Amino acid sequence: MPLPQRVGQDLKVADIHTWQWVEATARELFQRAVYQEIRTPTFEQTALFERGIGEATDVVGKEMYTFLDKGDRSCTLRPEGTAGVVRAYIQHSLQAQGGVQRLWYCGPMFRYERPQKGRQRQFHQIGVEVLGSADPRADVEVILLATDLLQRLGLKNLTFNLNSVGDRDDRQRYREALVNYLTPFKADLDADSQDRLSRNPLRILDSKDEKTQAIAADAPSILDYLGENSKRHFDRVLAQLSDLGIDFVLNPRLVRGLDYYTHTAFEIQSSDLGAQATVCGGGRYDGLVQELGGPVTPAVGWAIGLERLTLLLSQLQTVSAPSPDLYVVSRGEAAEANALKLAQALRQQGISVDLDLSGSAFGKQFKRADRSGAAACLILGDDEAAQGTVQIKWLQSGEQTSLTQADLLADIESLRQKL
RNA sequence: GCGGGUGUAGCCAAGUGGUUAAGGCAGUGGAUUGUGACUCCACCAGUCGCGGGUUCAAAUCCCGUCAUUCGCCCCA
């Protein structure tokens with residue numbers, strides 16, 4: 001009996017081609033913009049996430065998979081990718097390699113939450129990080145990578161929400177103003193928001209409760225509390241995005257759940273995902289590297305959730321398995337051995353060959369050849385094996401010819417052209 | 001962590017207290033002992049998620065549990 005598990009989903013053959021397509025498309029875009037792949041461990045010391053993401057956040061407070069190893073060190077399965085990348089950046093002194101580091105990563109992340117559609121305990125993110133640049137163009141470059149990727153995959157019904165959460169001082173001043181505004185309405189807020197008033201008031205802004213939303217609608221905007229630097233930075237980001245024709249919604253109520261964000265913050269949401277609408281989330285995090293013990297290093301990045309992305313893609317189209325070039329049918333001991341050798345020789349020439357191992361009647365093997373989608377079928381029976389020949393049957397036209405195996409292998413190019 | 005829905009074969013499913021739990025797709029074998037898409041026949045596969053309870057009798061009702069799904073929370 002299969003053991004039940006609620007960690008994540010098994011990727012079955014039917015889905016895997018979609019994932020491979022997404023990953024290949026992303027990789028190509030990253031290479032064009034000269035981003036280097038980085039792979040970090042799937043678990044780290046717990047303190048890394050506590051300090052990086054913030055002790056007060058839900059991710060750290062209640063969603064981490066934390067365990068003690070045999071040396072009684074507290075370890076945690078990574079709930080997101082940025083902290084580990086920044087740790088590696090510091091540990092290997094990547095800043096010493098000069099200038100800007102452009103990195104991308106892809107892999108499993110873990111959060112202990114109630115699973116639902118578009119949200120599982122083990123999920124996968126693909127993300128980018130640019131470390132060492134405070135230039136607004138870095139923000140824009142990173143955003144372009146995300147929008148380009150989603151567009152090339154053909155996704156529709158996306159909304160790109162953009163905001164600036166300022167720097168630490170801006171946020172402190174805004175937080176006070178917000179609390180001052182909300183406190184008189186405290187009794188009318190939903191229970192969660194009343195709780196958040198002291199703990200994390202910014203989160204009240206994107207509450208889904210109707211009454212809370214009505215109150216939040218007239219709340220002061222963080223954009224009015226940005227200092228000179230923050231404002232200049234954000235204005236440039238906005239101007240360049242407009243210049244590049246990127247559609248966005250300026251959403252002053254957008255708040256991100258991780259503490260490290262500064263200045264630019266954004267989320268790309270889909271209307272086709274139900275409650276788990278966010279496909280891509282990111283922003284600038286100028287204080288994180290220093291917070292984790294590195295030099296002062298401005299940085300910006302994002303992550304895309306692959307389960308959500310592929311869920312959207314599966315609503316649009318199915319990416320099917322590639323068909324083999326050839327399907328080999330054979331019958332009889334000598335012919336079957338011959339078929340294996342012929343398949344191997346063809347595969348070594350770069351031809352994809354599906355070899356029927358069933359030993360069943362030719363009729364059945366042809367049926368499978370047909371379903372495989374192969375362009376042609378190679379037929380080996382006792383006669384062919386004895387004579388060193390092979391029949392090739394083109395499955396669309398039904399045309400069938402005989403030739404020697406030596407000739408077939410000697411002129412792979414003409415075969416390849418007919419496939 | 002909280003609230004609601006669902007769980008019958010690899011997949012889609014009928015069945016709502018009463019013999020051996022329909023059907024379709026897929027799969028296997030055959031009609032066709034060396035030639036595919038159509039057709040026909042046969043076969044295959046089910047601890048009715050799991051555990052307990054009620055009952056003469058449970059896939060069906062009740063409780064628990066696990067999974068899944070829709071929301072809340074939160075986020076990718």
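Computed from a predicted model, the values in this text were never measured in an experiment. Letters A, B, ... are given to chains in the order of the sequence lines, protein chains preceding strands, and every chain is numbered from 1. Note that these values count all heavy atoms, side chains included, but never hydrogens, waters or copies made by symmetry.
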Pairwise P distance for B:G64 and B:G27, with rounding to whole Å: 43 Å
Given B:A26, B:C73, B:G30, which nucleotide is nearest the side-chain atoms of A:Asp58? B:C73
Can you classify the ring geometry of A:His124 versus A:Trp19 as parallel (below 30°), tilted (30 to 60°) or perpendicular (above 60°)? perpendicular
What nucleotide among B:C75, B:G29, B:A37 has an atom nearest to a side-chain atom of A:Lys367? B:A37
Pair assignment for B:C40, Watson-Crick or G-U wobble, requiring both distances under 3.5 Å: B:G30
Assign A:Leu306 to base, sugar-phosphate, or nothing according to its heavy-atom contacts below 4.0 angstrom with the strands shown. nothing
Please state the C1' separation for the pair B:U55 and B:C63 - nearest whole angstrom. 16 Å
Would you indicate what A:Ser360 reaches in the nucleic acid, counting non-hydrogen atoms under 4.0 angstrom: base, sugar-phosphate, or nothing? sugar-phosphate
Do A:Arg308 and B:C75 have a side chain to base donor-acceptor pair shorter than 3.5 Å? yes
Starting at the 5' end of RNA chain B, which residue's closest nucleotide do you reach first, A:Arg331 or A:Gly281? A:Arg331
Re B:A9: Watson-Crick or G-U wobble partner, both distances kept under 3.5 Å, found to be none
A:Phe160 versus A:Ile246: any side-chain heavy-atom pair under 4.5 Å? yes
If you check the A:Gln400 side chain, which of B:G36, B:C73, B:U35 turns out closest? B:U35
Minimum-distance nucleotide (side-chain atoms of A:Gln116 versus B:G30, B:G36, B:C70): B:C70
Selected nucleotide, minimal atom distance to A:Arg119 side chain, candidates B:G1, B:C75, B:A26: B:G1
Is any NZ, NE, NH1 or NH2 atom of the basic residue among A:Arg416 and A:Glu413 found under 4.0 Å from an Asp or Glu carboxylate oxygen of the other? yes
Confirm from the modelled atom types if A:Gln391 and B:U35 form a donor-acceptor pair under 3.5 Å, side chain to base only. no
Any donor-acceptor N/O pair under 3.5 Å between B:G34 base and A:Glu384 side chain: yes
Identified pairing partner of B:A57, criterion: Watson-Crick or G-U wobble below 3.5 Å: none
Starting the side chain at C-beta, find the nucleotide from B:G29, B:G34, B:G71 nearest to A:Ala275. B:G71
Would you say whether A:Phe366 stacks on B:U35? The test is a distance between ring centres of less than 5.5 Å and an angle between planes of less than 30°. yes
Complement of B:A14, any strand, by Watson-Crick or G-U distances under 3.5 angstrom: none
Does B:A21 pair with anything, Watson-Crick or G-U wobble, both distances under 3.5 Å, and if so, with which nucleotide? none
Which part of the nucleic acid does A:Tyr112 contact within heavy-atom distance under 4.0 Å: base, sugar-phosphate only, or nothing? sugar-phosphate
Specify the residue among A:Gly274 and A:Val279 whose closest nucleotide of RNA chain B lies further upstream toward the 5′ end. A:Gly274
Taking B:U65 as the reference, what is the distance to B:G36 when you measure between their C1' atoms (whole Å, please)? 50 Å
At under 4.0 Å between heavy atoms, what does A:Glu63 touch on the DNA or RNA strands: base, sugar-phosphate, or nothing? sugar-phosphate
Roughly how far apart, to the nearest Å, are B:C44 and B:G10 at atom C1'? 13 Å
Atom-to-atom span, CG of A:Asp192 to P of B:G71 - whole angstrom: 17 Å
Mind checking who B:C2 pairs with, Watson-Crick or G-U wobble, both distances under 3.5 Å? B:G71
NZ of A:Lys364 versus P of B:G36: gap in Å, rounded? 10 Å
Just to be sure I understand the rule, does A:Cys280 reach a base, reach only the sugar-phosphate, or reach nothing, if contact means heavy atoms closer than 4.0 Å? sugar-phosphate
Look at A:Glu141 together with A:Arg102 and state whether they make a salt bridge at an N to O cut-off of under 4.0 Å. yes
Looking at B:U69, B:A37, B:C75, which one has an atom nearest to any side-chain atom of A:Asp370? B:A37
Kindly give the heavy-atom pair with the smallest separation between A:Pro79 and A:Phe123, and that separation in Å. O-CZ, 4.0 Å
For A:Arg111 and B:G1, what is the distance between atoms CZ and P respectively, to the nearest whole Å? 18 Å
Let's see if you can work this out: which of B:G34, B:C75, B:C73 has an atom nearest to the side-chain heavy atoms of A:Lys62? B:C73
Which value, in whole Å, describes the distance between the C1' atoms of nucleotides B:G3 and B:G18? 37 Å
Please state whether the base of B:U35 and the side chain of A:Lys393 form at least one donor-acceptor pair under 3.5 Å? yes
Under 4.0 angstrom between A:Arg203 side-chain N/O and B:C75 OP1 or OP2: yes
Minimum heavy-atom distance between A:Ile38 and A:Ala88, given as atom pair plus value: CD1-CB, 4.0 Å
Inter-nucleotide P distance (B:G34, B:C40), Å rounded: 25 Å
Closer than 4.0 Å, any side-chain N/O of A:Arg368 to the OP1 or OP2 of B:U28? yes
Could you measure between the two C1' atoms, the one in B:A14 and the one in B:G23, and give it in whole Å? 7 Å
Using a heavy-atom cut-off of under 4.0 Å over every strand shown, decide if A:Gly381 touches base, sugar-phosphate, or nothing. base
Between B:C48 and B:C2, how far apart are the two C1' atoms, rounded to whole Å? 30 Å
With a 4.5 Å heavy-atom cut-off, do A:Thr76 and A:Phe67 have their side chains touching? no
Separation of B:U35 atom P from A:Leu380 atom CG, nearest Å, is 16 Å
Less than 6.0 angstrom separating the ring centers of A:Phe30 and A:Trp104, yes or no? yes
